Amino acid sequence: MSVTHTRIIATGSYMPEKILTNDDLSKIVDTSDEWITTRTGIQERRIAAEGQATSDLASNAALRALEAAGMKADELDLIIVATVTPDMFFPSTACVVQKKIGATNAVCFDISAACSGFLYALQVARQFIGSGTRKNALVIGAEKLTSLVNWKDRNTCVLFGDGAGAAILKGVNESSTSRMLGSVMGSDGTLADLLKVPGGGSALPITQENAASRPNTIHMEGRETFKHAVTRMCQAAEQALAQSGYTANDVALVIPHQANARIITAIADRLGLPEEKMFMNVQRYGNTSAATIPVALDEAARAGRLKEGDVILLVAFGGGFTWASTVMIW
Ligand code: ACO
């Protein structure tokens, strides 16, 4: 079979059982359910169990995607994990997942692009499949973001949660209408300081002296990030649609990065789309960074909201800054 296109053949997701509500948070920091709900739309988020690492969340999502695809783990050619909360600096979380699910024949590596990570990884996998180097790929977005949260900082601790989503990609030929189409990726490192975890890496290792100021937690200029997120996601979505020969009117469902309900509403307004075309689960999970889009994709697929032939728009924005958008025919 001559492969000319790539499509998603199956999805899976895994969210930890433990729920942290806004009322729970109001006992930890000076906040309220009313503030969090009106500013972000978030009502609760999931927290990984004691001893559960990002690779555990990722492996559970991967096994569900494999089951949906009717594939065995040793049939996988490539595993890419998008994460900013790897189990450790190395080996890659993808290698740990490989071991946990028994994907003995896959080549494995991680991608770091914060909340845009899953869409970046999707494009990388697509290049491998399109070039004929690999027949299939497992792409995972997985985060234990609560491991980077400063539970004393009300500006950030209310926003994030843990979870994982996965998609299995395969090469298809010209006769398949289901395929990935236009795709846009962008980065602006000059704005890196607006959203970062400054410490814990080689630039600022954690020491006894600096540990108390928690440099190894998420620091974010929320208002600035919000503005860039709306602008970049709208631009990326419009460019990816134009590349594909579609307009916003053709889109059956948008799966946007889930950071804030107000950002999703602003994107819908600018693209001229009704809110029912914007998939939203941020109220249940908060921002799970690279995991938001694959988790949403899986929930939409299992809820029957993705029909064969539908035009689906995925769009993300995150630390870096990074942004990306992909159009696909489901
Ligand atoms: N509870 C109560 N009050 C709070 C809380 C809280 N949890 N957090 C902040 N406040 C206060 C602030 O201290 C401030 O008070 P002040 O006016 O007295 O100084 C006031 O609320 C307003 O703060 P803002 O920052 O202006 O609030 P804003 O309406 O911008 O909402 C938010 C903040 C939710 C963070 C928003 O800016 C946002 O969603 N930003 C974008 C996040 C995002 O998209 N991230 C992208 C990717 S994330 C990634 O890559 C990992």
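When a ligand or atom number is given, it counts from 1 through the structure's own listing order. The structure presented is a predicted model; accordingly, all values stated were derived computationally and were not measured. Numbers here simply count residues along the sequence, with the first being 1.
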Is there a protein heavy atom at a distance of less than 4.0 Å from atom 5 (C) of ligand 1?
yes
Are any of the protein's heavy atoms under 4.0 angstrom from atom 17 (O) of ligand 1, yes or no?
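Flag for atom 17 (O) of ligand 1 set to false, no protein heavy atom closer than 4.0 Å.
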Using a 3.5 Å cut-off on N or O atoms only, is [X] in polar contact with ligand 1?
X      : answer
Asn260 : yes
Arg262 : yes
Thr40  : no

Under a 4.0 angstrom heavy-atom cut-off, which atoms of ligand 1 come close to Thr31?
1 (N), 2 (C), 6 (C), 7 (N)
Which of the numbered atoms in ligand 1 are below 4.0 angstrom from a heavy atom of Ala259?
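Once the distances to Ala259 are compared, the set is 43 (C), 44 (O).
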Residue-level breakdown please: for [X] versus ligand 1, do any non-hydrogen atoms fall below 4.0 Å on the side chain, on the backbone, on both, or on neither?
X      : value
Ile263 : side chain
Leu195 : side chain
Val158 : side chain
Asn287 : side chain

Once ring pair (Phe, Tyr, Trp, His ring centres under 6.0 Å) is applied, do any residues pair with His228, and if so which ones, sequence neighbours excluded?
Phe321
Tell me which one of [options] gets a heavy atom nearest to [atom].
atom                    : options                       : answer
atom 41 (C) of ligand 1 : Gly319, Gly41, Ala113, Gly222 : Gly222
atom 26 (O) of ligand 1 : Arg223, Arg39, Met220, Lys196 : Arg223
atom 10 (N) of ligand 1 : Trp35, Phe226, Trp323         : Trp35

Any side-chain hydrogen bond (donor to acceptor under 3.5 Å, both in side chains) involving residues 260-282? Give me the pairs, sequence neighbours left out, ordered by first then second residue.
Asn281-Glu299
Residue, atom name and distance, where the atom is the protein heavy atom closest to [atom]:
atom                    : value
atom 11 (C) of ligand 1 : Arg154 NH2, 3.7 Å
atom 47 (C) of ligand 1 : Cys115 SG, 3.4 Å
atom 46 (C) of ligand 1 : Thr225 CG2, 3.7 Å

For Ser55, is there any backbone N or O sitting under 3.5 Å from a side-chain donor or acceptor partner on Asp87?
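Yes, because the side chain of Asp87 sits within donor-acceptor range (under 3.5 Å) of the backbone of Ser55.
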Tell me, with the steps shown, if Leu145 and Ile218 meet side chain to side chain contact (heavy atoms under 4.5 Å, CB included).
CA-CA 9 Å; Leu145 221 49; Ile218 297 169; 4.2 Å; yes
